[in-house]
Amino acid sequence: MTQSPAMDLSFNQDPAWLDREYNNRALVPDHPAYFERWAEASKQARERGGALVDVRYGHGPLEQLDIFPAQGAAGAAPGLFFIHGGYWRALDKADHSFLAPLFQQLGVCVVVANYALAPAITIPGITLQMVQALAWTHRHIAAHGGDPSRITVAGHSAGGHLAAMMLACRWPGGGADLPASLVRNALSISGVFDLEPVRLAPFVQPSLKLTPDQVRKASPARLPSPGLRQGRGALVAVAGGDESGEFRRQNRLIREAWGAEVVPVCEDLPGLNHFSVLDALVTPGHRLHTLARGLLGV
């Protein structure tokens, strides 16, 4: 399946407008409170014991991941591989350990990955790091009680972009032992699927240094739909209902690009901004948490 010729990739290219639409920290003035709370909860999650932190999946800078084994799982546990946001240039896996405990209690093995940050690396380079990290996870998760055939990838913001890229990856090209359905399904939370507006947004240009060629190669909405195959399911795409119009447009864009079969859920979640939407992932009973459990089968 190829990109739909009817898909509209146009947007307002005024630099000031792009900065207003894409600068989430400016849009949510109390964002430091989210980061502080996440950091404290993440510290507590790691201090509970049982986690394996800073496990190397490669030899480059920040090519490390944390593993939080499932609790009380009967048999091999489904795996949740989480990719953090921060516009590919900020934040760390250690800021997101808070996501693990609830899913561990549900019998899920949680893996939280790091990647090198721009401008030391390009977005295509970060994408390849995540390919490497997921290949490592597939090969080693069984040693930590996880099921390599049931890996769900989830990501927030820049991580949502990377999660979609992982679903689209042609895995056998990365190793003869890697199955085409290595990623069972994916969850993108406030993802960016067309990088062209980001390339033109002044507030991130100096660090991301995106080129038109990189936009073509690393924009999920500009890539062919991965389709469905045995063992590999769909992409669930959500954004906060209180996010900017551009983030909500980006969320719709991936369904337009890949089709409703591959993206059966494409929703704006009412009352949530770019940061509170991630809290919803670990709020029992919330629509986003329920969607994640559905993908994981727990």
Side-chain angles (χ1 to χ4, degrees), residues 24-25 31-58 61-73 77-117 126 129-130 132-134 136-137 140-141 143-146 150-163 166 186-191 272 274-284 286 288-289 291-293 295-296 298:
N24 289 298
R25 297 192 184 195
H31 66 268
Y34 289 95
F35 295 156
E36 290 168 11
R37 180 164 46 79
W38 294 351
E40 179 57 30
S42 293
K43 180 174 178 287
Q44 293 175 10
R46 292 191 300 277
E47 288 175 348
R48 287 191 182 99
L52 287 79
V53 300
D54 297 335
V55 177
R56 279 264 170 209
Y57 66 81
L62 294 177
E63 291 184 345
Q64 298 172 319
L65 48 79
D66 297 341
I67 304 168
F68 298 84
Q71 298 172 359
L80 175 62
F81 183 98
F82 182 80
I83 309 173
H84 73 79
Y87 267 126
W88 307 271
R89 64 178 186 169
L91 301 182
D92 189 271
K93 62 179 174 57
D95 302 314
H96 295 81
S97 305
F98 76 94
L99 298 170
L102 179 58
F103 286 104
Q104 288 179 279
Q105 294 164 18
L106 293 170
V108 177
C109 180
V110 180
V111 177
V112 185
N114 250 5
Y115 47 86
L117 300 174
I126 293 171
Q129 284 186 320
M130 290 298 92
Q132 189 179 4
L134 264 168
W136 187 98
T137 300
H140 296 279
I141 196 171
H144 305 284
R150 291 193 293 161
I151 298 174
T152 293
V153 178
H156 173 236
S157 196
H161 157 267
L162 293 164
M166 296 304 100
L187 170 62
S188 178
I189 304 166
S190 304
L272 299 178
H274 189 75
F275 302 101
S276 61
V277 69
L278 186 56
D279 287 336
L281 180 61
V282 286
T283 302
H286 194 281
L288 179 53
H289 180 69
L291 288 170
R293 291 187 64 170
L295 291 173
L296 290 160
V298 297

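As the structure is a computational prediction, the values presented were derived from the model and not from experiment.
- Separating the CD1 atom in Ile189 from the CG atom in Leu278 is a distance of 5.5 Å, to the nearest 0.5 Å.
- Distance CG/Asp279 to CG/Leu272: 8.5 Å, rounded to 0.5 Å.
- Looking at every heavy atom in both residues, Ala94 comes nearest to Ser42 through O-CB, 3.1 Å.
- Side-chain atoms of Asn114 do not come within 3.5 Å of backbone N or O of Asp92 as any donor-acceptor pair.
- A donor-acceptor pair under 3.5 Å is absent between the side-chain atoms of His144 and the main chain of Gly146, judged by distance alone.
- His84 and Lys93 make their closest contact through CD2-N, 3.6 Å (heavy atoms, listed as atom of the first residue, atom of the second, distance).
- Residues His161 and Trp88 are in side-chain contact: their nearest non-hydrogen atoms beyond the backbone lie under 4.5 Å apart.
- Put simply, CZ on Phe81 and CD1 on Ile141 are 9.5 Å apart, with the number rounded to the nearest 0.5 Å.
- Ring-centre distance between His289 and Phe103: below the 6.0 Å cut-off.
- The main-chain N or O of Met130 is never found under 3.5 Å from a side-chain atom of Tyr57 such that the two would form a donor-acceptor pair.
- The minimum heavy-atom distance linking Ala45 with Ser97 is given by the pair CB-O, 3.6 Å.
- Contact of the Ile83 side chain with the Val153 side chain is registered, since non-hydrogen atoms from C-beta on lie closer than 4.5 Å.
- Interatomic distance, CG of Leu134 versus CD1 of Ile151, reported as 6.5 Å (0.5 Å rounding).
- Side chain of Ser157 to main chain of Gly86: no donor-acceptor pair is present (N/O by atom type, distance under 3.5 Å, no hydrogens or angles).
- Under the 4.5 Å side-chain criterion, counting only non-hydrogen atoms from C-beta, Pro284 is in contact with Leu102.
- For the pair Arg25 and Phe35, the minimum side-chain heavy-atom distance is below 4.5 Å.
- A distance of 8.5 Å separates CG in Leu106 from CG in Leu296, rounded to the nearest 0.5 Å.
- Here the side chains of Tyr87 and Asn24 are in contact, with some heavy-atom distance below 4.5 Å.
- Of all heavy-atom pairs between Leu187 and Ala292, the closest is CD2-CB, 4.0 Å.
- Ring to ring, His156 and Phe82 are not that close: their centroids are 6.0 angstrom or more apart.
- You'll find the side chain of Trp38 stays beyond 4.5 Å of the side chain of Leu99, heavy atoms only.
- Proximity of Gln129 to Leu62: side-chain heavy atoms (C-beta onward) are nowhere separated by under 4.5 Å.
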For side-chain contact (heavy atoms from CB on, under 4.5 Å), just list the numbers for Val108 and Thr152, CA-CA rounded to whole Å, side-chain angles, deciding distance to a tenth of an Å, and then say yes or no.
-> CA-CA 10 Å; Val108 177; Thr152 293; over 6 Å; no
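- For Val298 against Pro78, the heavy-atom pair with the smallest separation is CG1-CG, 3.7 Å.
- Residues Ala77 and Arg150 share a closest heavy-atom pair of C-NH2, 3.9 Å.
- Side-chain atoms of Gln104 come within 3.5 Å of backbone N or O of Pro69 as a donor-acceptor pair.
- Of the options Leu65, Ile67, Asp66, a side-chain contact (heavy atoms from CB on, under 4.5 Å) to Val53 is made by Asp66 and by none of the others.
- Considering Lys43, Gln44, Arg37 as possible partners of Glu40, the one that fulfils the side chain to side chain donor-acceptor pair (under 3.5 Å) test is Gln44.
- You'll find the side chain of Leu80 stays beyond 4.5 Å of the side chain of Phe68, heavy atoms only.
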